[in-house]
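Predicted model, so just to flag it, every value in this text is computed and none were measured. These numbers come from the heavy atoms of this one structure, side chains and all, not from hydrogens, waters or symmetry mates. Chain letters run A, B, ... following the sequence lines, proteins first and then strands; every chain starts at 1.
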Amino acid sequence: MTPKPEAFKAAAVGLLSGWLLLFVLAPNLLVAGLSLLSRSPAGFAGWPATLDNYRRLADPIYLHVFAESFATALIATLFCLLLGYPFAYGLASARPRLRPLLLTLVIVPFWTNSLVRIYAIRGLLAAKGAVNHLLLAAGLIDQPVRLLYTQAAEIIGLVYVLLPFMILPLYGSLEKLDPRLLEAARDLGAGPFRRFRHVVLPLTLPGIVAGCLLVFLPALGLFYVGDVLGGSRHLLVGNLLKDQFLEAQDWPFGAAASLVLIGLLLAFLALYAIAENRVTAAGDDR
Amino acid sequence: MHSLERLHGALIYSFLYLPLAVLILGSFNASKYGIGWDGFTLNWYASLANDAEILAAARNSLMVAALSATLATVVGTLGAVGLHRYRFRGRGFLMGLLFITLMSPDIVMAVSLLVLFIGLRLELGLFTLWLAHTSFCLPFVTLTVHARLQGFDNALVEAARDLGAGEWTAIRRIVLPLALPAIAAGWLMSFTLSLDDAVVSFFVTGPDFEVLPLRIYSMVRLGVKPEVNALASLLFAVSLSFVVLAQWLLHKDRE
């Protein structure tokens with residue numbers, strides 16, 4: 001007997017939704033619940049329920065980690081945007097035959113182990129690394145400069161690892177841009193700046209928001225960037241999370257910090273939805 | 001392209017590839033420190049091949065990657081066919097969950113899965129790594145296969161059904177062959193993602209089960225050894241070949 005269509009549908013949809021509910025939704029709800037519990041002597045969590053974990057996040061020590069991590073991630077995001085936008089624009093206006101190759105060249109680092117790439121950056125910035133080597137050879141310095149374990153090193157590492165995450169969504173939205181709109185704007189007398197400000201920028205807003213989202217959030221969490229390039233003085237929120245879960249064993253507090261990241265993710269996603277809706281609505285007006 | 005754009009493009013590409021080039025060159029450099037060139041050597045690769053711990057980590061990594069890629073491909077492909085072919089309640093919610101999984105920072109997923117595994121009292125190791133890696137690969141497979149199915153005409157399936165094929169037969173004989181390049185690309189991408197992941201693995205593995213990125217992490221923290229260059233170069237080479245293959249599969253008949 002052949003199974004009814006319903007049986008296949010139930011299996012296909014059920015398996016995917018079951019997996020996502022069990023391994024995505026449930027764990028995040030557990031983290032949310034955990035963040036409201038107290039630390040227990042056994043190391044995990046226990047009653048009573050409390051908001052103390054969130055209050056503790058407001059402690060100046062942690063606020064400082066958050067502020068510094070946010071600043072680092074924000075600067076890295078800005079650099080990615082400034083470097084990535086013209087690059088994606090060039091990519092989108094390259095000859096169509098060339099594009100798959102140029103795109104694959106961006107995708108390769110995107111899929112390469114980011115730890116490997118952070119380690120590669122370390123090789124450039126180390127006291128005996130390539131950058132110092134070049135500067136010494138050029139006679140610009142006579143002592144190796146300290147590049148590692150600075151906030152700048154951390155930002156360079158983050159930009160290096162996350163730049164493809166910015167380029168790809170920007171390319172996606174720039175490629176969809178209708179060149180006739182730009183021609184129309186030119187015919188109406190708009191200069192390059194006005195064309196960019198009133199046509200290109202608003203229409204690529206979803207790509208900008210998506211790119212910033214895909215750079216900023218991981219930038220907060222990549223704890224090994226903090227370890228390998230930032231040293232112990234420049235920590236990211238990711239280092240805080242790692243320490244609370246794996247070293248201090250203060251899970252409820254770590255869970256609260258993680259929930260702040262989830263909150264940011266959801267806020268960003270809402271922003272993305274708004275940007276996309278505005279572009280779609282503007283498109284419908286045409 | 002304007003020449004300024006070309007220059008900018010060239011600079012970005014060098015920025016992306018220069019550190020990797022230095023890394024790979026370093027793995028063949030006889031000098032133990034810095035980048036002064038002391039002659040060509042394969043010593044660092046040889047010492048990797050003789051390092052029992054690294055070999056064990058490599059075996060573990062390949063096993064986790066193959067298992068996770070396979071499970072993610074099965075669940076993801078079925079799911080993509082389901083999402084494409086049927087309209088059901090909660091479909092939008094499911095798509096939303098997929099996007100959130102895709103977007104969420106690794107560390108958030110790592111923490112939440114650790115909490116789940118500890119809550120379920122699962123022993124941390126191969127099994128938990130398998131579940132975790134399958135979870136972060138799943139949206140990539142589902143969305144890749146789903147995108148491939150978007151351009152595909154459901155009327156073909158209806159025709160097969162009218163000719164007497166069962167639902168499963170119609171999907172197996174028509175939908176799956178059409179989606180095959182995307183399915184294969186999804187598997188390759190998942191394998192690469194799993195092989196490359198350090199953050200999630202760091203949280204959900206136990207003390208007795210080490211994978212390559214964690215090995216690199218501890219080697220880097222213990223101080224730089226030239227063997228790390230060799231190990232990192234090998235991982236890069238594997239990722240590179242898999243990505244190029246996946247891209248080729250996804251684009252070869254789109255021209």
Side-chain angles (χ1 to χ4, degrees), chain A residues 2-3 5 8-9 11-13 15-17 19-20 23-28 30-31 34 83 86-87 90 93-94 100 104-105 107-109 111-113 115-117 119-121 123-124 128-130 133 160 163 213-214 217-218 220-221 223-224 227-228 238 241 245 254 258 261-262 265 269, chain B residues 1 5 8-9 12-13 15-16 19-20 22-23 26 33-35 75 78-79 81-82 86 88 90 94 97-98 100-101 103-108 111-116 119 131 135 138 142 166-168 171 189 192 196 198 203 213 216-217 220-221 228 232 235-236 239-240 243-244 247 251:
Chain A
T2 43
F8 179 79
K9 176 179 169 183
V13 175
L15 204 54
L16 180 67
S17 31
W19 192 284
L20 290 175
F23 294 110
V24 176
L25 194 63
N28 282 308
L30 280 178
V31 169
L34 189 61
L83 291 172
F87 181 80
S93 53
T104 303
L105 281 172
I107 291 171
V108 166
W111 293 107
T112 305
N113 194 328
L115 180 59
V116 166
R117 291 192 291 142
Y119 172 69
I121 281 285
L124 286 192
K128 291 184 175 170
H133 208 74
Y160 178 55
L163 187 58
L213 169 71
L214 283 170
L217 285 168
L220 293 172
F223 62 83
Y224 49 76
D227 285 352
V228 175
L241 269 170
F245 271 91
S258 175
L261 283 187
I262 298 174
L265 169 72
L269 280 179
Chain B
M1 260 198 281
E5 269 170 25
H8 183 73
I12 296 288
Y13 281 120
F15 176 54
L16 289 177
L20 289 167
V22 171
L23 176 84
Y33 304 100
I35 67 155
V75 178
L78 280 174
V81 172
Y86 312 112
F88 50 90
L94 210 55
L97 266 183
L98 280 171
I100 289 180
T101 320
M103 291 261 186
S104 56
D106 292 352
I107 196 150
V108 165
V111 164
S112 69
L113 286 170
L114 177 66
V115 171
L116 178 77
L131 294 175
S135 301
L138 192 57
T142 313
E167 179 80 0
W168 171 236
I171 285 170
M189 281 180 192
T192 312
D196 283 350
F203 277 80
I216 294 182
Y217 184 60
V220 168
R221 287 214 299 183
V228 189
L235 262 183
F236 173 69
S239 308
L240 175 71
V243 175
V244 170
Q247 287 303 308
H251 293 291

What residue, out of [options], has the most heavy-atom pairs lying under 4.5 Å from chain B?
options	result
A:Leu163, A:Leu105, A:Ile262	A:Leu105
A:Val31, A:Leu115, A:Leu217, A:Leu261	A:Leu115
A:Pro86, A:Pro218, A:Ala26, A:Gly238	A:Pro86
A:Leu214, A:Asn28, A:Leu220, A:Val228	A:Asn28

Which heavy-atom pair separates A:Ile121 from B:Pro19 by the least distance, and what is that distance?
CD1-CG, 4.0 Å
Between B:Ala232 and A:Tyr119, which heavy-atom pair has the shortest distance, and what is it?
CB-CD2, 4.5 Å
Between chain A and each of [options], count heavy-atom pairs under 4.5 Å; write down the option with the most.
options	result
B:Ser135, B:Ser104, B:Gly82	B:Ser135
B:Leu113, B:Leu240, B:Asp106	B:Leu113
B:Thr192, B:Leu235, B:Val111	B:Val111

[X] vs [Y] side-chain heavy atoms within contact, under 4.5 Å:
X	Y	answer
B:Leu94	B:Phe88	yes
A:Phe245	B:Val115	yes
B:Leu138	A:Leu16	yes

For A:Pro100, does its backbone N or O pair with a side-chain atom of A:Thr104 as donor and acceptor, under 3.5 Å?
yes
From A:Leu241 atom CG to B:Phe203 atom CZ, the distance as rounded to the nearest 0.5 Å
6.5 Å
What's the separation between atom CH2 in A:Trp19 and atom OG1 in B:Thr101, rounded to the nearest 0.5 Å?
12.5 Å
Chain A heavy atoms under 4.5 Å from [X]: which part of the residue, side chain, backbone, both or neither?
X	result
B:Leu23	side chain
B:Ser112	both
B:Leu116	both
B:Val81	side chain

Which portion of [X] sits near chain B, non-hydrogen atoms under 4.5 angstrom:
X	answer
A:Leu83	both
A:Tyr160	both
A:Leu269	side chain

With A:Ser17, the side chain to side chain contact (heavy atoms under 4.5 Å, CB included) member among A:Val13, A:Leu15, A:Leu20
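The single option meeting the side chain to side chain contact (heavy atoms under 4.5 Å, CB included) with A:Ser17 is A:Val13.
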